[in-house]
Amino acid sequence: MSKVLVSDSIDQAGIDILSQVATVDVKLGLKPAELIEIIGEYDALMIRSSTRVTQEIIEAGTQLKIIGRAGVGVDNVDVPAATRRGIVVVNSPEGNTIAAAEHALAMILALSRHIPDANASVKRGAWDRNSFVGAEVYKKTLGVVGLGKIGSHVAAVAKTMGMKLLAYDPFISTDRAEQLGCQLVELDLLFQQADYITLHIPKTPETTHLINATTLAKMKPTARIVNCARGGIIDEVALAAALKAGKIGGAALDVFESEPLGESELRSLGKEVILTPHLGASTAEAQVNVAIDVAEQIRDVLLGLPARSAVNIPGLGPDVLEELKPYMQLAETLGNLVGQLAGGRVEVLNIRLQGELATNKSQPLVVAALKGLLYQALRERVNYVNASIEAKERGIRVIETRDASIRDYAGTLHLEATGTLGTHSVTGALLGEREIHLTDVDGFPINVPPSKYMLFTLHRDMPGIIGKLGSLLGSFNVNIASMQVGRKIVRGDAVMALSIDDPLPEGILNEIIKVPGIRDAYTVTL
Ligand SMILES: NC(=O)C1=CN([C@@H]2O[C@H](COP(=O)(O)OP(=O)(O)OC[C@H]3O[C@@H](n4cnc5c(N)ncnc54)[C@H](O)[C@@H]3O)[C@@H](O)[C@H]2O)C=CC1
Ligand SMILES: O=C(O)CCC(=O)C(=O)O
């Protein structure tokens, strides 16, 4: 049975799902060295934001197949290191969207009405109504930086509170922003005009210290800034200095450059600063959502199925996956077949995506073809995560072409592999919605479903040759399940594709190519 380690606190709903397929160990608060010590025993690791999954931990996780982050941000996982090792990293892109958006909105209102400090003063026994005069958000301008899932929900709710909305997100269309009632503007304008600024962007090299002394200086002296996205997007030293100097009006932070927050000037500031300990996703509802979402994906991967929200498999979102699944199988089979026909070391793989596959959405098929191509060399070590990297490291040049104009099938895939032993090609299509068919081998038209064991010959189309090959195989006790010849002209060159019930016995290929008229023979196992 598989083993899963849960190293951060996860809702029981997730543990119950994992327990259907694995032994689950919940070990909270492990030190990095302790995690390194035990991770080698586990097939999967499930975390929230406290565990830092470093390259060292990933390298010690020799059995790891999947790392599941019960939340959105995977910045606590060394994703490139996991990708290199073929480990799938999954998250829950939507499970805590509402929770995080509501926390940001709560921060905006709490800052405006000084709720935390007013509450603390009453609890201390005071009744001070003068120190906590607030400001209304109605008709004020909210600047939303990052109009993704969380930013969009914040914008939608803020709109209903009567706020004017500005947004900055270079990857969002003006139409989408307008639908949300936001005016898309440049960042400088947003900084200059906003009364409230709320950050909903990932932490990347471009967004690190996006809020710094220079950008803070552009804001209104009354501006209040909220960060429920990621620590490090704000330069905390510069923020504390700006608040002290009255250059901005207030700040509410849920996330910090280093967590837990250590010594910080921010702690010493007054009611203009609100600090929460990374609570954005901490609602009962969100924790059930993310735990179920990620546990289901871990369960699926441990059962050999694909994950729906893998962050390190390019272009393989749930909708794409559903649509492409049968074609992924086709691409992988063709990759495996052409790799075996080519033999030797493949140097160039030409992939032609035809018909309905001639769109950019078909990119995962290229990865699937590479996975198939590398299967003979790497077996289970190659997967959708690392296939492209492995191909690159082996110096395989991948050339993709797209051609929308075919007639016989909705979509076909054509793979041509050139290696140290020559060039071979295969084409395949789906019959109905799922049945894989080979429609061409080395330029000869055929129409056969692939089978586990196959034999291909290149021969001269002449009387008696099929009988001779049949007798030879019979003398080696090889049972033929089906056979088809593909030729372009009568009595010219031809290809024979045979499905056989068992692997071809050792040495028989040499006998086959001695049959007069047969020029070459290849055996493959799919
Ligand atoms: N405090 C907490 O507990 C939680 C924090 N988060 C964090 O909230 C952030 C947003 O999450 P989602 O809305 O789910 O992500 P998302 O991916 O749906 O949206 C992010 C948006 O940021 C935009 N963006 C990327 N780079 C940008 C840049 N340089 N400038 C402006 N916009 C940029 C993207 O185009 C996208 O629209 C993430 O950092 C996530 O980790 C998420 C959940 C809980
Ligand atoms: O797991 C948590 O509570 C943190 C959530 C978070 O920051 C995220 O989902 O990106």
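For the numbers below, each heavy atom of this structure counts, side chains included, while hydrogens, waters and symmetry mates do not. Read the numbers this way: they start at 1 and go in the same order the structure lists the ligands and their atoms.
Under the 4.0 angstrom criterion for non-hydrogen atoms, Asp254 is in contact with ligand 1. For Gly280, the heavy-atom gap to ligand 2 stays at 4.0 angstrom or more.
For Ala281, no nitrogen or oxygen atom sits less than 3.5 Å from a nitrogen or oxygen atom of ligand 2, counting backbone and side chain alike. Taking only nitrogen or oxygen atoms, main chain and side chain alike, Arg230 reaches within less than 3.5 Å of ligand 2. Checking only distances, Val72 does come within under 3.5 Å of ligand 2, N or O to N or O.
Close approach to Phe171 involves these atoms of ligand 1, each under 4.0 Å from a residue heavy atom: 24 (N), 25 (C), 26 (N), 27 (C), 35 (O). Within ligand 1, the atoms closer than 4.0 Å to a non-hydrogen atom of Gly73 are 41 (O), numbered from 1 in the order shown. Proximity to Thr207 (heavy-atom distance under 4.0 Å) selects the following atoms of ligand 1: 28 (C), 29 (N). Every atom of ligand 2 with a heavy atom of Gly73 under 4.0 Å away is listed here by number and element: 8 (C), 9 (O), 10 (O). Atoms of ligand 1 found under 4.0 Å from any heavy atom of Ala100, numbered from 1 in the order shown, are 43 (C), 44 (C). Less than 4.0 angstrom separates some heavy atom of Gly71 from each of these atoms of ligand 2: 9 (O). Proximity to Asn96 (heavy-atom distance under 4.0 Å) selects the following atoms of ligand 2: 5 (C), 8 (C), 9 (O). Those atoms of ligand 1 that come under 4.0 Å of a heavy atom in Ala281, given as number and element, are 3 (O). Remark: ligand 1 atoms within the under-4.0 Å shell around heavy atoms of His278 are 1 (N), 2 (C), 3 (O).
Protein heavy atom at the shortest distance from atom 43 (C) of ligand 1 is Asn96 OD1, 3.3 Å. Distance from atom 8 (C) of ligand 2 to its nearest protein heavy atom, with residue and atom name: Arg69 NH2, 3.1 Å. Given atom 7 (O) of ligand 2, the protein heavy atom at minimum distance is His278 NE2, 2.7 Å. In terms of protein heavy-atom proximity, atom 7 (C) of ligand 1 is nearest to Ala229 O, 3.5 Å. In terms of protein heavy atoms, atom 5 (C) of ligand 1 is closest to Cys228 O, 3.3 Å.
Separating the CG atom in Leu365 from the NZ atom in Lys371 is a distance of 13.0 Å, to the nearest 0.5 Å. Rounded to the nearest 0.5 angstrom, Ile234 CD1 and Thr208 OG1 are separated by 12.0 Å.
Nearest to atom 9 (C) of ligand 1 by heavy-atom distance, out of Leu253, Ile201, Val154, Val72, is Ile201. Distances from atom 36 (C) of ligand 1 to the heavy atoms of Asp169, Leu279, Ile150, Ile233 put Asp169 nearest. Evaluated by nearest non-hydrogen atom to atom 22 (O) of ligand 1, the leading choice among Ala286, Gly148, Pro202 is Pro202. Considering Gly231, Ser282, Pro170 only, the shortest heavy-atom separation from atom 31 (C) of ligand 1 involves Pro170. Which of Gln287, Arg48, Glu259 comes nearest to atom 2 (C) of ligand 2 through a heavy atom is settled by distance: it is Arg48. Here the shortest heavy-atom distance to atom 17 (O) of ligand 1, taken over Lys149, His200, Arg230, Glu206, belongs to Lys149.
Checked by atom type and distance alone, the side chain of Asp128 pairs as donor or acceptor with a backbone atom of Ser131 at under 3.5 Å. Checked by atom type and distance alone, the side chain of Arg434 never pairs as donor or acceptor with a backbone atom of Pro326 at under 3.5 Å.
Of the heavy atoms in Leu147, only backbone atoms (N, CA, C, O) come closer than 4.0 Å to ligand 1.
Taking 4.0 Å as the cut-off between side-chain N and carboxylate O, Lys65 and Asp43 count as a salt-bridged pair. Arg352 has no carboxylate O lying under 4.0 Å from a charged side-chain N of Glu400, or vice versa, which leaves the two without a salt bridge. Glu136 and Lys140 are not joined by a salt bridge, as no carboxylate oxygen comes within less than 4.0 angstrom of a charged side-chain nitrogen. Looking at Asp195 and Arg224, no side-chain N of the basic residue comes within less than 4.0 Å of a carboxylate O on the acidic one, giving no salt bridge.
Sorted by first and then second residue, the side-chain hydrogen bond (donor to acceptor under 3.5 Å, both in side chains) pairs with a member in residues 153-170 form an empty list; sequence neighbours excluded.
Side chains of Thr333 and Asn336: no donor on one and acceptor on the other come within 3.5 Å. Remark: the Tyr196 side chain and the Ser112 side chain contain an N/O donor-acceptor pair separated by less than 3.5 Å. Using modelled atom types, one finds a donor on one side chain and an acceptor on the other under 3.5 Å when comparing Asn312 with Thr83. Residues Glu206 and Thr204 bring a donor and an acceptor atom of their side chains to less than 3.5 Å of each other.
With a 6.0 Å cutoff to the six-membered ring centre and a 45° limit on the axis angle, Lys218 does not count as a cation-pi contact of Phe191.
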Listing, residues 248-257 side-chain donor-acceptor contacts under 3.5 Å, not counting sequence neighbours, or none:
{"from": "Asp254", "atom 1": "OD1", "to": "Thr276", "atom 2": "OG1", "distance (Å)": "2.7"}
{"from": "Asp254", "atom 1": "OD1", "to": "His278", "atom 2": "N", "distance (Å)": "3.0"}
{"from": "Asp254", "atom 1": "OD1", "to": "Leu279", "atom 2": "N", "distance (Å)": "2.5"}
{"from": "Asp254", "atom 1": "OD2", "to": "Leu279", "atom 2": "N", "distance (Å)": "3.1"}
{"from": "Asp254", "atom 1": "OD2", "to": "Gly280", "atom 2": "N", "distance (Å)": "2.8"}
{"from": "Glu257", "atom 1": "OE1", "to": "His209", "atom 2": "NE2", "distance (Å)": "2.9"}
{"from": "Glu257", "atom 1": "OE2", "to": "Glu236", "atom 2": "N", "distance (Å)": "3.1"}

